Amino acid sequence: MNSQTTKTFPYLNEDIKTDVLIVGGGLTGACLAYFFTEAGIDTVLIEAEKLGYQGTSSDTGILQLVPENTVNRRKTLSEFPNFPYSFYRDMLQNFKELPDVLVNRCGYNEKDYLLYSDTITGTNELTLEYICRKEKNIPCSLLNSFPGLPMKTGIFQENAAGTIHPFSFMHYLIDCAVENGLKVFENTKAVQFQNTAERYLCKTNYHNIITSKIIICAAGSETDLFTERKFGQKSCRCQLLSEPLENLDSQWKNTIFQNIRTNTRFYVTEEQQILLETIGNSRNILSKSNQLEHFLYELTGKRQKIIRRTVSKTIETRDFLPIVGAEPVNPSLLYALPYGTSSVLSSIYAGKALCSLYLGNYPKDFSFISPGRSSL
Ligand SMILES: Cc1cc2nc3c(=O)[nH]c(=O)nc-3n(C[C@H](O)[C@H](O)[C@H](O)COP(=O)(O)OP(=O)(O)OC[C@H]3O[C@@H](n4cnc5c(N)ncnc54)[C@H](O)[C@@H]3O)c2cc1C
């Protein structure tokens, strides 16, 4: 979902001091910068290359309530009875509560959400899922057909999702943060850290030193510099964008579809194109890409021209949850890593929650996404 921007920022060519240093200028770094500067905190953001050119540039832009999966259910349901719906619903609410100008300018469209299956096994899983949601009074309905979709069962929830343009959103957040005093440096890479009881020293690729009270890792999949721990497994996402389609049913345009079995999701863009996305490992992603193309053929009844096909690296935690919070052995290092489902919402949450943590308020329900959790 690239959109054009000509804005650039200088590289850092002197030693500086700040209260908070954000390392990584993708959507997560931008969300952090937005909330920290809005709270009047002295903040610097450094980006190794150009803002938003890594994960954020290929983000499909879907904001969705997470489907409950077996790992989440086993590990966390006993401790957090309202998880994950209330958590993700609050995260979607966080987004909607951002100033109107931000929400409107990032191309937000509210959508319905259909979690569906085209197999008998998936149907059983979805029926359990439906019962679970009903027990939690989540307004949704169980469908056994949807016009034009090869589906056996589906859970349909109105207004439970949305789409945005992540790259534009990131730039609007940075604009606001710069107005509030953020200092941004592109082509400035953190290469080494040293920390003492009171401060953090970060050395950059041009041998300058940034001194800060805390440092926040918003470096996406590049965490080796911060820790030896591996937080998740590397995987790939494949995306296809079709040519514009005619005569699409209006219900199609209002819905985000997610197939529970194949982990494929898709929606119709404002330009009437179908944007499909799936996840796999690097070895099987090409066959997944072919499957996506075949699926598009089945959906529309004819071979569609593919306007764009991309494969990008991503990381998934074992419990599909983000990593947000302080490093257990070093509380002046915070992580904001939106791995897993609904990363855009996790990025916004990370910005709000870590700012609140910095100001001394420990956000509720924090432990199941903390870097020290047992499910990692
Ligand atoms: C193909 C694809 C589709 C996706 N679709 C969705 C979706 O529909 N919905 C959703 O919620 N999420 C989606 N995601 C997840 C997506 O990754 C996140 O939503 C989000 O955009 C990631 O932002 P980020 O800032 O955490 O990471 P990134 O955008 O990767 O930013 C990290 C930045 O840190 C910089 N950096 C790294 N190391 C250093 C260093 N040492 N010093 C300075 N800078 C450094 C990098 O250069 C990079 O710019 C998708 C991901 C992919 C790959």
Side-chain angles (χ1 to χ4, degrees), residues 1-2 11-12 21-33 44-66 88 91-92 95 111 161-170 173-174 184-193 202-206 210 215-226 231-232 234-241 256 258 263 265-267 269 275-280 285 289 308-316 320 322-324 335-351:
M1 300 294 290
N2 270 332
Y11 67 92
L12 180 69
L21 172 63
I22 300 166
V23 180
L27 181 62
T28 309
C31 290
L32 291 159
V44 167
L45 182 150
I46 58 170
E47 162 53 44
E49 296 170 29
K50 275 192 68 64
L51 294 178
Y53 270 44
Q54 297 295 322
T56 300
S57 64
S58 47
D59 196 312
T60 315
I62 296 176
L63 314 180
Q64 73 180 61
L65 293 183
V66 69
Y88 281 88
M91 294 215 293
L92 190 58
F95 169 75
K111 303 256 186 200
T163 55
I164 60 162
H165 302 154
F167 193 73
S168 316
F169 183 43
M170 183 208 73
L173 289 165
I174 291 285
V184 188
F185 301 97
E186 287 183 321
N187 299 311
T188 304
K189 184 174 184 176
V191 293
Q192 205 181 354
F193 298 116
C202 166
K203 190 170 162 191
T204 70
N205 50 337
Y206 294 111
I210 307 170
I215 193 157
I216 310 183
C217 166
S221 52
E222 307 292 321
T223 54
D224 292 358
L225 192 64
F226 301 84
F231 289 119
K234 290 201 169 138
S235 63
C236 294
R237 291 199 203 212
C238 175
Q239 266 178 0
L240 296 190
L241 184 66
I256 289 173
Q258 169 131 20
N263 215 355
R265 50 188 192 167
F266 72 95
Y267 68 94
T269 69
L275 181 53
L276 298 114
E277 185 212 87
T278 192
I279 299 189
I285 200 76
S289 164
R308 200 178 71 217
R309 182 190 304 266
T310 54
V311 171
S312 326
K313 278 188 298 177
T314 182
I315 292 195
E316 303 290 321
F320 301 105
I323 295 159
V324 181
Y335 294 105
L337 301 169
Y339 303 156
T341 321
S342 275
S343 312
V344 169
L345 294 181
S346 307
S347 297
I348 300 164
Y349 176 81

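Read the numbers this way: they start at 1 and go in the same order the structure lists the ligands and their atoms. We use all heavy atoms of the structure for the numbers below, so side chains are in, but hydrogens, waters and symmetry mates are not. Please read all numbers here as calculations on a predicted model, not as lab measurements. Throughout, residue positions are numbered sequentially from 1 according to the sequence presented.
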Side chain or backbone, does [X] bring an N or O within less than 3.5 Å of an N or O on ligand 1?
| X | answer |
| --- | --- |
| Thr28 | yes |
| Thr56 | yes |
| Ile62 | yes |
| Ala190 | yes |
| Tyr53 | no |
| Gly52 | no |
| Glu49 | no |

Discussion item. Given Ser235, Cys31, Ala48, identify the one with the heavy atom nearest to atom 39 (C) of ligand 1.
Written reply: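 That would be Ala48.
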Practice prompt. Could you name the option among Glu222, Glu47, Arg237 that has the heavy atom nearest to atom 46 (C) of ligand 1?
Written response: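 The option holding the nearest heavy atom is Glu47.
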Quick one: does ligand 1 sit under 4.0 Å from the side chain of [X], the backbone, both or neither, non-hydrogen atoms only?
| X | value |
| --- | --- |
| Ala336 | neither |
| Lys189 | both |
| Thr188 | backbone |
| Lys313 | backbone |

Quick one: [atom1] on [X] to [atom2] on [Y], what's the gap to the nearest 0.5 Å?
| X | Y | atom1 | atom2 | result |
| --- | --- | --- | --- | --- |
| Leu45 | Leu21 | CG | CG | 8.0 Å |
| Ile315 | Ser235 | CD1 | OG | 8.0 Å |
| Leu241 | Leu275 | CG | CG | 5.5 Å |
| Ile210 | Phe193 | CD1 | CZ | 9.0 Å |
| Thr204 | Asn187 | OG1 | CG | 11.5 Å |

Considering only the protein, which heavy-atom contact is closest to [atom], and what is its distance?
| atom | answer |
| --- | --- |
| atom 31 (O) of ligand 1 | Gly26 CA, 3.5 Å |
| atom 15 (C) of ligand 1 | Ser343 OG, 3.4 Å |
| atom 27 (O) of ligand 1 | Gly220 CA, 3.8 Å |
| atom 21 (O) of ligand 1 | Asp59 OD2, 2.9 Å |
| atom 34 (O) of ligand 1 | Gly24 CA, 3.2 Å |

Discussion item. Is it the case that atom NZ in Lys189 sees more than 12 heavy atoms from other parts of the structure closer than 6.0 Å?
Written reply: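 Count not over threshold, so no.
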Worksheet entry | Heavy-atom neighbours of Tyr11 OH exceed 12 at 6.0 Å |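 No, the 6.0 Å shell around OH holds no more than 12 heavy atoms from other groups.
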Under 4.0 Å to a heavy atom of [X] - the qualifying atoms of ligand 1, by number:
| X | result |
| --- | --- |
| Val344 | 10 (C), 11 (O), 12 (N), 19 (O) |
| Val23 | 40 (C), 42 (N), 43 (C) |
| Pro338 | 26 (O) |
| Arg265 | 5 (N), 6 (C), 7 (C), 8 (O), 9 (N) |
| Ser312 | 1 (C), 53 (C) |
| Ser342 | 11 (O) |
| Thr60 | 3 (C), 4 (C), 5 (N), 6 (C), 7 (C), 8 (O) |
| Gly55 | 28 (P), 29 (O), 30 (O) |

Discussion item. Looking at every heavy atom in both Ile256 and Tyr267, which two are closest together, and how far apart are they?
Written reply: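 Result for this residue pair: CG1-CB, 4.0 Å.
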Fill in: Minimum heavy-atom distance between Ser347 and Thr28, given as atom pair plus value
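Taking every non-hydrogen atom into account, OG-OG1, 2.9 Å.
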Worksheet item: Measuring from the heavy atoms of Gly61, does anything fall under 4.0 Å of ligand 1?
Response: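 So Gly61 counts as touching ligand 1.
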Worksheet item: Does Ala218 come within less than 4.0 angstrom of ligand 1, counting non-hydrogen atoms of the residue?
Response: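 In this structure, Ala218 qualifies as a contact of ligand 1 - some heavy atom is under 4.0 Å.
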Worksheet entry | Sole residue of Arg237, Gln239, Arg265 in side chain to side chain donor-acceptor pair (under 3.5 Å) with Thr60 |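 For Thr60, the side chain to side chain donor-acceptor pair (under 3.5 Å) test succeeds with only one of Arg237, Gln239, Arg265, which is Gln239.
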Discussion item. Given 3.5 Å as the limit, does a donor-acceptor pair link the side chain of Ser343 with the main chain of Pro338, or not?
Written reply: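 Between the backbone of Pro338 and the side chain of Ser343 there is a qualifying donor-acceptor contact (under 3.5 Å).
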Worksheet entry | Under 3.5 Å donor-acceptor, Thr188 side chain and Glu186 backbone |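 At least one qualifying donor-acceptor pair exists.
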Practice prompt. Please work out which of the three classes, parallel, tilted or perpendicular, describes the rings of Phe231 and Tyr335, given edges at 30° and 60°.
Written response: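 Ring orientation of Tyr335 relative to Phe231: perpendicular.
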Worksheet item: What's the verdict on side chain to side chain contact (heavy atoms under 4.5 Å, CB included) for Leu240 and Ser289, showing C-alpha distance, side-chain angles and the deciding distance?
Response: CA-CA 8 Å; Leu240 296 190; Ser289 164; 4.3 Å; yes
Worksheet item: Going through the checks in order, is the side chain to side chain contact (heavy atoms under 4.5 Å, CB included) test met by Ser346 and Met91?
Response: CA-CA 7 Å; Ser346 307; Met91 294 215 293; 3.9 Å; yes
Worksheet item: Would a 4.5 Å heavy-atom cut-off, applied to side chains only, mark Val23 and Ile215 as touching?
Response: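 Val23 vs Ile215: side chains touch.
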